[in-house]
Amino acid sequence: MKITQFMKYPEYKQPLNYGQLGEDILAWWKEHGIFEKSVSSREGQSTFVFYEGPPSANGAPGIHHVMARTVKDIFCRYQTLLGKQVPRKGGWDTHGLPIELQVEKELGITKEDIGHKISIADYNQRCKETVMRFKAQWDDLTEKMGYWVDLDDPYVTFEPEYIESCWALLKRLYDKGLLYKGYTIQPYSPAAGTGLSSHELNQPGTYKDVKDTTVVAQFKVKRDAASEKLFAAPVWERPNGDSPTDVFILAWTTTPWTLPANTGLAVGKNIPYVVVRTINPYTKEYIRVVLAKARVKSYFSEFTEKGKTTPSTYSDWGSPERQIPWEIEAEFTGADLINIHYERLFGTKEGFPNFEGEERAFRVINGDFVTTEDGTGIVHISPTFGADDFRAAQLADIPALMVPDAEGTLGPIVDRTGRYVPQMGEFAGRWVKNYDGHDESGADYKTLDESIVIKMKGDGTAFKVEKYEHTYPHCWRTDKPVLYYPLDSWFIKTTAVKDRLIELNKTINWKPESTGTGRFGNWLENLVDWNLSRSRYWGTPLPIWRTQDRTEEICIGSIAELKVEIDKAVAAEIMTHNPYANGEKIDLHRPYVDDIFLVSPTGQPMYREADLIDVWFDSGAVPYAQWHYPIENAEKFQKNFPADFIAEGVDQTRGWFFTLHALAVMLEDSVAFKNVIANGLVLAKDGQKMSKRLGNAVDPFATIKQFGPDATRWYLIANAPPWDNLKFDPAGVTEVQRRFFSTLFNTYSFYALYANLDAFEMNEKSRVPHADLSELDRWILSKLQSLIAEVRGHLDSYDPTKAARAIQDFVTDQLSNWYVRLSRRRFWKGELTTDKRAAFETLNECLQTVAQLMSPIAPFFAEWLYRNLTFGEFRVKSEELGVENSTTLNSQLLTLNSPESVHLTLLVEADATRIDPKLEERMELAQRISSLAHSLRKKSVLKVRQPLQRILVPVLNDTTKEQVGLVEDLICAEINVKHVEFLDDSSESGVLVKSVKPNFKRLGQQYGPRLKAVGARIQAMTAAEISKLEKEGSLAVEVDGQPITLAPDDVEIRTDDLPGWLVATDGPLTVALDVTLTDELRQEGLARELVNRLQNLRKDSGLEVQDKIRVTLADQQPELTAAVAAFGDYIRTETQALALTFAADVSGGSVLEFDDYSVLVLLEVATS
RNA sequence: GGGCUUGUAGCUCAGGUGGUUAGAGCGCUACACUGAUAAUGUAGAGGUCCGUGGUUCGAGUCCACGCAGGCCCA
């Protein structure tokens, strides 16, 4: 048996299984530690810093995670290709409410049961077990999708070292005075004595319809310089001749009990407001009131407007009983009203308390939440009982009305049980709502709201009182109405660095930019202090211990410090022993830290503040805590801060992006990241959100298995920019696979097939010199350089979509569909000549470069392609068995000095000297002319196989003529004509018919309004005028009686008709086809037909490409015989026929049919 | 309710600084091609550029107000 061994480009007969390809490459990467090498091989180079936004592993990953992680992966791989070292530490986000809720659901318990049915220790243990439940699935997906990140040494936010780092950072903030205890407005249930989470508030049934007493309150404007404009209308006489009438601001509330806590009024700064003269319906006082113009109709009847049913002069109004007369006096916008002062509604004169900051209160302020949907368009602000109120008041420096309790601690006017505090004068001790279940049935019973409203009616401060039904949230446990109430919280004083946050944000490169300036920028502009406190169990505990009287406190910044403090406490006999003394594994979670009591300098015991901190602090601490900094690794931290690049979903804007930024600015006075991509959502193909419930969620594992990781990644990136929402349609992935990957695969297969036949070896050292390359080679290489520059540019500016599309267009349109198609003959014809070698070299370079360029996006396929091109397959050929193929990639070097993986290479740079714009331009001309010629053939029903004598191309200048002339051969070959003939003014005079098209852009700038007339005049130009303009460079014409001078640039001259010829045009380009058929052309056409049929027969007979044949034709058709006689050499060459003979009788042959002919043919393999 | 964002052919998307006749791919129809063939070419059908106003000689593009989808926040 004859056996030969040789090294070849691997060939693949079957269509690729892309899923399998992914798995094979993955296994090879693992075996050879390619990821590790991609980092270690860049040791000593500059670092590209990337932070992994930690995912939570308590749920299965979805396709959107593939999207987000592809974006991250692309830029890390790209920077590696540029030679940077890119360490990527993985991480896990492990704390937080979702995990608690999941555990509670599984255990069938609620928060109330913690500490009763289950100990905190057991509960937290359960959380810890739950949170990493899906870690294996995540790791699996990470690998299969080709996301390179260090999974072996991740940071985990529940580990003691991580928490310790958080503590150290908190202590730094504490030492800077940025940590303080304050309050925020939260839903609170007085009957249950507890705050409610938004999750609890979203329980079904919590929102109920209730009927409340509501009131439109009148706030009396203080007359001063700021408010004088409200009084500016002429003073009008009143029947009793009193002093000028007061102005009141109207504000509606459904909670009258909050009015005594009012400290401000909010208007919308762009909303129009009016001053209305009218009468108070309860006191009959003559008054003027301010309310939104859009709300006037809701409070005043159109029939009682002045001059309608009421007397026309105000003094004649008298004292109407039922109807309230009114008249608009003046109009302002909200901005005009801001900072006007008003008198307190429930003042100290009536026994209501003083409070701190009172002099800054009782002002009109801006509120971006104010609308004219209901009420008066002016909102009463009580900072202690509304979240909007609190925020707007804080921004405008309006104080809250706070009074001291028995211990001197400041609190709101309602205590924690839901009653007014003792300082509330006549209402002291009254229940705000019925939280104690007292009897309301008595005839004289009045709710607090009613009592307050009655008092206001008497005071002349109630403008309208009515019962109003609306929905209001209730406590899910007690069924009583919720209060929005100030609850203690620890805060980070982010507002102290607000300006710096804004300033540094402007240095961050946001993709898309609008997220940085809009969503994030606005958020910073309206920044409030960061509420750190969470009343939960599974999270990082707040490391602050306080004495009972709150006069002394300590913030712990490390485990070592804690141990020292415990020792002190033990010495002071506040603790019996130090639980961490024996080097036991330290757990900094609850309940263990709660059982630690410390001693204050004055010897008092200190207790830990019970709160946990916001989990967003955990993730914002990643840059520091992933290295256990600042406890250790200062150098490592410095080297890896700030990040060059991060990427997460846009929903993280106020989450991770903010906490990273805030902590970096406060701790390091730096940005945390220089470039950030905020990616959008992945939706189902109908645009619906993916959800398990709707059953439209796409399984990432199934997708990757079916289409392979590369097509999946490519689709996600190429279809839409990452920051747009993506509608995920599997059909789109199929298309990417077919159109891009299959085309690239075919191109490679084509190369491998013929390169192997010629035993071609790529050797950079002995390349055919660039100057000796054909037009086509130099063209595709020029295009390739342009592509390199373009892809680099897009990836440098973090736009992967444009990069992917550019690569895709190059591969499908330029490389495959033009270069390879037109070069085919060069690859298969004859011996390995210089030209053939040049073709192999050119195609090889294109494919290798494409492999590099695509490798960040499609890392598996790129690796496959690269290794096929650089490392040949060791194969054995035996006569009996044919060629044995192996799908595994062998490690025999085909291309010298190539790294073993494409991901270890350095990305080629665009060689500007190889870019030839003129060449690219004329090749485009060739493409367009060919397309036009094809379309003419189509119209004339002349198949491409029929050669034609010539095409005619009118040219208007020598440049075009020269350009087309250089690509004439390509055009002729592509459209099967013998010559390209140029028509210009000198040849066959009178043939060219020219027309002009106005250049509107130029003319518009010059003539403006007269453009239409000028355009019409240009389109009416005669042939003589056109030629005059061409020859003399200007043309004087008249438009609307006015002379104007046209320049050549003002028009586009084209020839879109050739009388007597069938023409096709594409913009300024026109082509005519000579469809005259000579006998010779006909014969050549026949010969081509015959070649085609013989090729088909070869293929159908299962012949190898390189097999030689003998052909015998039946000698029955004179035309065919003549054609064979004339073009026998051609036919033999094309079909690799050693012999082409005629015989009278061809037995055992096949019948070939074409055109009007039918011929019997016998095809035999020539054995030698 | 607010901020941001998207809306162009049946579907997925391109359309710097305004220029009159709005493009590509897929899909559809017809024809052609056939040693890259699960490919390719040519032609065709398919558009109130979300709507309404405005600026302009001219608006898919700029402005205002809406409508619809999405995200975040309240």
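First the proteins, then the strands, lettered A, B, ... as listed; each starts at 1. Below, all heavy atoms of this structure are taken into account, side chains as well, without hydrogens, waters or symmetry copies.
- B:rA9 and B:rG47 have their C1' atoms separated by 6 Å, given to the nearest Å.
- Rounded to a whole angstrom, the distance from the P atom of B:rG53 to that of B:rG10 is 24 Å.
- The residue among A:Leu815 and A:Val370 whose nearest nucleotide of RNA chain B is located toward the 5' end is A:Val370.
- For A:Gln946 and B:rA32, the CD to P distance is 16 Å, given to the nearest whole Å.
- In this structure, A:Asn526 reaches neither bases nor backbone, as no heavy-atom distance under 4.0 Å exists between it and the strands shown.
- Using P as the reference atom, B:rA14 and B:rG25 are 16 Å apart when rounded to the nearest Å.
- The salt bridge (Lys or Arg N to Asp or Glu O under 4.0 Å) search around A:Arg826 returns A:Asp777, A:Asp835, not counting sequence neighbours.
- Using cut-offs of 30° and 60° for the angle between ring planes, the A:Tyr188 and A:Tyr485 rings count as parallel.
- In this structure, B:rU56 makes no Watson-Crick or G-U wobble pair, since no nucleotide meets both defining distances under 3.5 angstrom.
- With a cut-off of 3.5 Å on both Watson-Crick or G-U wobble distances, the partner of B:rG1 is given as B:rC73.
- Which of B:rA39, B:rC13, B:rG3 sits closest to the side chain of A:Ala720 comes down to B:rC13.
- For the pair A:Ser931 and B:rG41, the criterion of a side-chain N or O lying under 4.0 Å from OP1 or OP2 is not met.
- If you measure from atom CZ of A:Arg826 to atom P of B:rG35, you get 19 Å, rounded to the nearest angstrom.
- Judged purely by atom type and a 3.5 angstrom limit, A:Ser797 uses its side chain to pair as donor or acceptor with the backbone of A:Gly793.
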Query raised in the report: Going through the checks in order, is the side chain to side chain contact (heavy atoms under 4.5 Å, CB included) test met by A:Asp614 and A:Asn531?
Result: CA-CA 8 Å; A:Asp614 184 5; A:Asn531 182 359; over 6 Å; no
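- Rounded to a whole Å, the CD atom of A:Gln808 is 11 Å from the C1' atom of B:rA24.
- Rounding to whole angstrom units, CG of residue A:Leu936 and P of B:rG41 are separated by 17 Å.
- Centroid-to-centroid, the aromatic rings of A:Phe760 and A:Tyr754 stay 6.0 Å apart or farther.
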**Report entry** Reading 5' to 3' through nucleotides 62-74 of chain B, protein heavy-atom contacts under 4.0 Å coded B for base, S for sugar-phosphate only, - for none
**Finding:** --------BBSSS
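- A:Ser742 comes within 4.0 angstrom of no nucleic acid atom, judged by non-hydrogen atoms across all strands.
- Here the separation of B:rG69 from B:rC33, taken at their C1' atoms, is 44 Å to the nearest Å.
- The side chain of A:His934 sits closest to B:rU42 out of B:rU42, B:rA14, B:rG35.
- Phosphate proximity of B:rU12 to A:Arg739: absent, as no side-chain N or O sits under 4.0 Å from OP1 or OP2.
- Between the C1' atoms of B:rC50 and B:rU8, the separation comes to 10 Å (whole Å).
- Note on A:Gln1095: a base of the nucleic acid sits closer than 4.0 angstrom, heavy atoms only.
- Closest contact between the side chain of A:Ser935 and the listed nucleotides B:rU6, B:rU42, B:rG27 involves B:rU42.
- Spacing between B:rG66 and B:rG3 at atom P, rounded to whole Å, works out to 11 Å.
- Side-chain atoms of A:Arg391 never come within 3.5 Å of backbone atoms of A:Val528 as a donor-acceptor pair (strictly under, hydrogens ignored).
- Nucleotide B:rC65 forms a pair with B:rG51, judged by Watson-Crick or G-U wobble geometry with both contacts under 3.5 Å.
- Rounded to the nearest Å, the gap between the P atom of B:rU21 and that of B:rA59 is 10 Å.
- Looking at A:Tyr9, its side chain never comes within 3.5 Å of a backbone N or O of A:Ser749 through a donor-acceptor pair.
- Mapped onto RNA chain B by nearest heavy atom, A:Tyr754 and A:Trp723 fall at different nucleotides, with A:Trp723 at the one closer to the 5' end.
- The side chain of A:Pro721 sits closest to B:rA14 out of B:rG35, B:rC26, B:rA14.
- Between the CG atom of A:Asn719 and the C1' atom of B:rU6 there is a distance of 15 Å, given to the nearest Å.
- Rounded to an integer number of Å, the gap from A:Asn756 CG to B:rG35 P is 21 Å.
- Contact check, A:Lys727 against B:rC11: no side-chain N or O comes under 4.0 Å of OP1 or OP2.
- For B:rA38 and B:rG44, the C1' atoms lie 25 Å apart once the distance is rounded to whole Å.
- Defined by atom type and a distance below 3.5 Å, a donor-acceptor pair is missing between the side-chain atoms of A:Tyr484 and A:Asp389.
- The distance between atom CG of A:Leu726 and atom P of B:rU6, rounded to the nearest whole Å, is 16 Å.
- Here A:Asn817 reaches the OP1 or OP2 of B:rG41: one of its side-chain N or O atoms lies under 4.0 Å away.
- Here B:rG2 presents its C1' atom at 16 Å from CD of A:Glu525, a figure rounded to the nearest Å.
- Put simply, the side chain of A:Trp510 reaches to within 4.5 Å of the side chain of A:Phe657, judged on heavy atoms.
- Set against B:rU40, B:rC13, B:rU42, the side chain of A:Arg805 has B:rC13 as its closest nucleotide.
- Base-pair partner of B:rA24: B:rU12 (Watson-Crick or G-U wobble, both distances under 3.5 Å).
- Look at B:rA30: its Watson-Crick or wobble partner, with both distances under 3.5 angstrom, is B:rU42.
- The side chain of A:Asn522 lies closest to B:rC4, out of B:rG41, B:rC26, B:rC4.
- Taking the side chain as every heavy atom from C-beta outward, A:Ile971 and A:Ile951 approach each other to under 4.5 Å.
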